[in-house]
Amino acid sequence: MGSYAKKTNRRRYEDRSFSVRAVHRDQPDLHKLAEVLIRLTLQETGRTRAEHRAAELPDTYRPATGGTSASTAIAQ
């Protein structure tokens with residue numbers, strides 16, 4: 001039997017060296033971010049308000065009665 005032969009050319013973990021480089025970027029435009037956040041909030045509020053109103057019964061809603069003619073509905 002022969003000795004162990006390494007099958008890859010990878011380095012051992014202890015032999016590796018790591019480095020970290022900073023990436024400098026421009027500062028975010030806080031005015032644009034705030035405007036987008038406000039618009040999204042208003043859009044979501046409008047959507048939920050429309051969903052709530054669609055689920056509510058109108059103030060003028062009258063339940064259907066047994067009669068089919070308009071005169072019986074007015075008489076009640």
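Hydrogens, waters and symmetry mates are skipped; everything else that's a heavy atom, side chains included, is used.
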May I have the list of side-chain donor-acceptor pairs in residues 21-30 shorter than 3.5 Å, sequence neighbours left out?
residue, atom, partner, partner atom, Å
D29, OD1, H31, N, 3.3

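The side-chain hydrogen bond (donor to acceptor under 3.5 Å, both in side chains) check on R47 picks up E44, with sequence neighbours excluded. For R39, the side-chain hydrogen bond (donor to acceptor under 3.5 Å, both in side chains) criterion is met by E35, not counting sequence neighbours. With sequence neighbours left out, the side-chain contact (heavy atoms from CB on, under 4.5 Å) criterion links S17 to no other residue.
Cluster note: L40 groups with V36 through ILVMFWY side-chain heavy atoms spaced under 4.5 Å, whether in direct contact or through intervening members. Through chains of ILVMFWY side-chain contacts below 4.5 Å, I38 is grouped with L42.
Rounding to the nearest 0.5 Å gives a distance of 16.0 Å between CG of L37 and NZ of K32.
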